[in-house]
Number of protein chains: 2
Amino acid sequence: MTSQAADGPEPVTATRRSKLTPQREQEFFDAVLEQIRECGYEAVTMEGVAASTRCSKSTLYRQWKTKPQFVVAALRSRRTARLAGIDTGSLADDLREAARATGRWSTNDTKLLQALGHAVTGDEDLARALREALIDPEIEALREILRRGVERGEVRAGHPALEYVPAQMFGVIRARPVVDGQYADQDYLVRFVEAAVLPALGLVHDPPQTQAAVHGMTGR
Amino acid sequence: MTSQAADGPEPVTATRRSKLTPQREQEFFDAVLEQIRECGYEAVTMEGVAASTRCSKSTLYRQWKTKPQFVVAALRSRRTARLAGIDTGSLADDLREAARATGRWSTNDTKLLQALGHAVTGDEDLARALREALIDPEIEALREILRRGVERGEVRAGHPALEYVPAQMFGVIRARPVVDGQYADQDYLVRFVEAAVLPALGLVHDPPQTQAAVHGMTGR
DNA sequence: CGCCATCGATACGATGTCGTACCGATACGC
DNA sequence: GCGTATCGGTACGACATCGTATCGATGGCG
């Protein structure tokens, strides 16, 4: 809405581009996700995306039939398991590291989740894409972390708190903005894990070094 | 969209009403909140609300200048501290009772929070109304419960987990739908309190073999 | 070096919503 | 009983967005 570009038929930076490169597509995806974060799903317009990427509406509609399909494609481009690969050898350290990793992207992705949260209730494809892009991989990675902790005997299998760890992590991320008025960052999430998650799992850190003694400490 | 009511000048229930009664206003409020839950804030239309309550758009615009103001009024009508008044004399029981009370309305209010969650980022009045209607009273009630527990000495003041209890409660309510695919009901919330919140506060009441896993290092 | 696919720009019709204006009908106060 | 304020109904203009169509320009492939 702000880009009042044209005052005449000026070929200024209007570099005519040829066939879309994957990088160019990614620009579209980044732009639409950013617009979703800022304006919400409903308020996103193809025209706005076109303007912010200096392409034309036609180009977008040529590649993707409709706005929902475009957004779905954008979400798919974003699939990354950010919690995958965490394996310090200690459940407590894994969870701390997961908190740190989560804090790195939580602001951006919280906005996205928030903005799409209701739209997905009416669009099954969108819902699936959102789950596959932002939610399922992280939940699965968390469960894997917990599973390894159980295998190592750090927590007994079937410990009642195990079931709630993923919901807790996702939960505070979404709840903190409304409770405290700010997004959950790395610091907050690590403190939360220390103060609530680990104690609930019986991995108390109150006596600071008791923990390390348990398993010989291999963290980082 | 579905209500194809009229086939003629039917005086059936089309009772022409006179001045709006408070009950009538409440019908409007209930209707718009229900529409928000189902369709999202953006998709709510004054015409839809008018149709579902069989009033006319004029009537709505007569009372409230604009859609946001109408929604704000509807939210204000809903102010109720549902967790207020809980006081069993025991922190653990208070929290269990809070979980039960929360579970009673969480589905409805989760939908509302979800549907309005992004809209509030662009409307300060709406944001304040939402906080005052659904969020702040419950957070304050929870903090009051915790405060009494501290006063009774059940938890030491400054216990690190205290800070996170409200965010945890609100969090799992919002996260369960995406993690487990269903809303958090009474049963889930009570189990969550038992399994995660109470242990984190050091109020465990069932230490079966959890302790063995903690200190015994080779659990299972 | 020339053709053709694809780009970017823009115009367009269809649709839907906002918020206003006007209307007749009806309940309530006097 | 009558007058008036308010209701319910609908028509209206303004506006925004969707998705399509058309057109000139251009880059890449043969």
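To find a chain, count down the sequence lines: A is the first, B the second, and so on, and within it residues start at 1.
- The side chain of B:Ser18 lies closest to C:dA27 when the candidates are C:dA27, C:dA9, D:dC7.
- Axis angle, first five pairs versus last five pairs of the helix from C:dC1-D:dG30 to C:dC30-D:dG1: 10°, rounded to 10°.
- Within the 4.0 Å cut-off from OP1 or OP2 of C:dC7, not a single side-chain nitrogen or oxygen of A:Thr59 is found.
- Judged by closest nucleotide on DNA chain D, B:Lys19 is the one of B:Ala50 and B:Lys19 placed further toward the 5' end.
- Between A:Arg62 and C:dT6 there is no side-chain N or O to OP1 or OP2 distance below 4.0 Å.
- The shortest distance between the side-chain N/O atoms of A:Gln63 and the OP1/OP2 oxygens of C:dC7 is below 4.0 Å.
- Side chain of A:Arg37 to main chain of A:Leu112: no donor-acceptor pair is present (N/O by atom type, distance under 3.5 Å, no hydrogens or angles).
- Under the 4.0 Å criterion applied to side-chain N and carboxylate O atoms, A:Arg147 and A:Glu151 are not assigned as salt-bridge partners.
- Shown here is B:Glu25, whose CD atom has more than 12 heavy atoms of other residues, nucleotides or ligands within 6.0 Å.
- Of the listed nucleotides (D:dC18, C:dG8, C:dC18), C:dC18 has the atom at the smallest distance from the side chain of B:Lys67.
- Of the charged side-chain nitrogens involved, at least one lies within less than 4.0 Å of a carboxylate oxygen, so that A:Glu97 and A:Arg104 count as a salt-bridged pair.
- Salt-bridge annotation for A:Arg78 and A:Asp109: present, with a side-chain N of the basic residue lying under 4.0 Å from a carboxylate O of the acidic one.
- At D:dG8, one or more side-chain N or O atoms of B:Arg24 fall inside 4.0 Å of OP1 or OP2 (strictly under the cut-off).
- Of the listed nucleotides (D:dC18, C:dC18, D:dC7), C:dC18 has the atom at the smallest distance from the side chain of B:Thr45.
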Do any N or O atoms of the protein come closer than 3.5 Å to N or O atoms of nucleotides 10-14 of chain D, and which pairs are they?
| unit_1 | atom_1 | unit_2 | atom_2 | d |
| --- | --- | --- | --- | --- |
| D:dT10 | O4 | B:Ser58 | OG | 3.3 |

